[in-house]
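The structure appears right after this line, and notes come after that.
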Amino acid sequence: MPLVLLDCDKVIPEREKHVYLKVDGEDTRDYLPLANVATIPGTLSERGCSFCGAKLVIGGVLKDTIQMIHGPIGCAYNTWHTKRYPSDGDNFQLKYVMSTDMKESNIVFGGDKRLYASIIEAFDEMPHIKRMIVYTTCPTALIGDDIKAVVKKVMAERPDVDIFTVECPGFAGVSQSKGHHVLNIGWVNDKVGQVEPKITSKYTMNFIGDYNIQGDTYLLQKYWDRLGIQVIAHFTGNATYDDCRSMHRAQVSVVNCARSAGYIANELMKRYGIPRLDIDSWGFNYMAEGIRKVCTFFGIEKKGEELIAEETAKWKPKLDWYKERLRGKKMAIWTGGPRLWHWTKSVEDDLGIEVVAMSSKFGHQEDFEKIIARGRSGTYYLDDANELEFFEILEKVKPDVIFTGPRVGDLVKKLHIPYINGHGYHNGPYMGFEGFVNLARDFYNATSNPLLKLAATDIREPEPKEKLEAAE
Amino acid sequence: MIKTSNEKVKQLYDYVQERCLWQFFSRAWDREANIKNITRMAGEILTGTEPDVKTPMDKQFFADAKWMVADLKQRFDWIAAEPPESIVRLMSELKDELLDLAVTHSTNSELNWSFY
């Protein structure tokens, strides 16, 4: 079966190149959905913008850094507080976001002075914070505000502060993926190598592409601490700005999310000779494999086996309890991209769940190669899908639960299909051994809850006959 | 579609498809380095030769190869009885199949971009 033209796409047949149904005997040499290309006119994309990819996903996670959005107020609000990544820095990054609140006159006469004043005001209001990221947005990029020049001036006047600039307006790319890229490359160009970390262990690594969603980083950090491995920088879960300036000193970059941060891992390899070890941190079996590989890299396999044995003894019985009850359930994954390939085989192996449809908002073809290699035959694979396509696919595959974001989640709830927040989690963390039990629990609760079935039952009394006749 | 008719290579190939992220790194150059070095080291481990692990990159290849071998031994009983020359041949065929899929005939349009 080649690429699929859905009924709802007959008016926009170009969408056929973005929808694939896998059958036995085919692979990505035969069919690979188009991805990371401009959204086709006529389809209502659910993608985010490039600025959002830089700010919301990566930069905004840093726990000691003022986020200065140079643009209209909405660019700040709409990329603030919509992802749950706590920190041990008093959750500064969740509490605050700054905007230059550009108005019409600033657009007409230029916003450089307003940006300068805003940076000064922010540092003065928060004297304990000495780090900042300034982001350009669509209007300030269009009018050509020179944010680098403003930042240079501030840094010359205030030597104790350091500021990073991200020049990635919303229109810079086809999706939020461009923002990941711009921030990665900008950071390695401008900031990596500027700070020398205090080395406290023989074993040092970067952990790249984990954003501490509901405490993922905290959980994994416990493993690294028990193994005696110093994490020079998490990129960027629960990290400080200066941690990430010292990434050049790690012996290895361990990569979880290769989509949002594979770029910096590759650049660290090319520029500093730091090898890149890609692992899956979601999934019981995968996590064990990841720990084993990291420990082999450092020659500390025995410690790794002890850790895996302890965690397995603690969490495997719980996982198995859910596995007995979830075996044969059907799941759809409609998230950004990487979670499709991280999750499809791990839920199948660890929980007996069948993934019947997967949709990626911003994955590249590289992600679809991984997804299709790991995914089942008979499963649908979609790039940049829209609501009508979702409805049609749901009819075809009838999943028991959908892992997606709150917006699509509200949509499917109306169809009385439970959803679980696949971006920010329902009750995470989901990474690691304990995390996968949390995921299983949320899955079990979602599919066992009678509420959605009850909500679908019409309990109104039938209208009395006389009333109906009168109405006619 | 996989080209070989060798059932054992097919089994090894299916395993790599299911488990190994290193075959699908971002670009042709890093895919090629991973596939060639990891299959080579896996072959060495399976034939009882100690891989030469000197550089940080060697350590990464070794970490991936070691756990691939552990999995293969667990999944495929036949592998323990395979003579060394056969292991070398199997790994070479596996390497060729993986390079064909992930590099030579990959339809990923970003594979050879110099910028990424």
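Just so we're on the same page: letters track the sequence lines, and every chain starts at 1.
Proximity of B/Y13 to A/D27: side-chain heavy atoms (C-beta onward) are separated by under 4.5 Å at one or more points. For the pair B/K66 and A/R292, the minimum side-chain heavy-atom distance is 4.5 Å or more. Using a 4.5 Å heavy-atom cutoff, the side chains of A/E348 and B/E18 are not in contact.
Within the 4.5 angstrom heavy-atom criterion, only side-chain atoms of A/D30, from C-beta onward, approach chain B. For chain B, no part of A/F368 is nearby; none of its heavy atoms comes within less than 4.5 Å. Proximity to chain B involves both the backbone and the side chain of A/N285, based on heavy atoms less than 4.5 angstrom apart. For a residue to count as touching a neighbouring chain, one of its non-hydrogen atoms must lie under 4.5 Å from one of that chain's; by this rule A/I279 touches chain B with the backbone only. Residue B/D71 touches chain A through its side chain alone, counting heavy-atom pairs closer than 4.5 Å. No part of B/F61 comes within reach of chain A, as not one of its non-hydrogen atoms sits under 4.5 angstrom from that chain. Residue contact with chain B, scored on non-hydrogen atoms closer than 4.5 Å, involves the side chain of A/K345 exclusively. Interface residue B/D30: only side-chain heavy atoms are found under 4.5 Å from chain A.
Heavy-atom neighbours of A/K17 NZ from other residues, nucleotides or ligands within 6.0 Å: at or below the threshold of 12. When the shell of 6.0 Å around NZ of B/K3 is examined, it contains more than 12 heavy atoms from other residues, nucleotides or ligands. Counting heavy-atom neighbours within 6.0 Å of B/E85 CD, excluding the residue itself, gives a total above 12.
Counting heavy-atom pairs under 4.5 Å between each of A/Q251, A/E301, A/H364 and chain B puts A/H364 at the top. Per-residue heavy-atom pair counts under 4.5 Å with chain B were compared for A/N184, A/T296, A/V294, and the maximum is reached by A/T296.
Side-chain N or O atoms of A/Q365 include one that pairs as donor or acceptor with a backbone N or O of B/S109 at under 3.5 Å. Side chain of A/R29 to main chain of B/T107: no donor-acceptor pair is present (N/O by atom type, distance under 3.5 Å, no hydrogens or angles).
Of all heavy-atom pairs spanning A/R374 and B/Q17, the tightest one is CG-O, 3.7 Å. Contact record, B/S26 with A/N266: OG-ND2, 3.9 Å, taken as the closest heavy-atom pair. Between B/F24 and A/E369, the shortest heavy-atom contact is CE1-O, 3.6 Å. Looking at every heavy atom in both residues, B/P56 comes nearest to A/G273 through CB-O, 4.1 Å. Nearest heavy-atom pair across B/K59 and A/F297 is CE-O, 2.9 Å.
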Show, in sequence, the C-alpha distance, side-chain angles and deciding distance for A/E366 and B/F25, and conclude whether the side-chain contact (heavy atoms from CB on, under 4.5 Å) test is met. CA-CA 8 Å; A/E366 168 193 334; B/F25 269 28; over 6 Å; no
Which is it for B/L21 and A/D280 under the side-chain contact (heavy atoms from CB on, under 4.5 Å) test, yes or no, and what are the steps along the way? CA-CA 9 Å; B/L21 296 171; A/D280 298 271; 3.5 Å; yes
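For residues 34-46 of chain B, a heavy-atom distance under 4.5 Å to chain A picks out no residue at all.
Rounding to the nearest 0.5 angstrom, the gap separating the CG atom in A/L277 from the CG atom in B/D64 is 5.5 Å.
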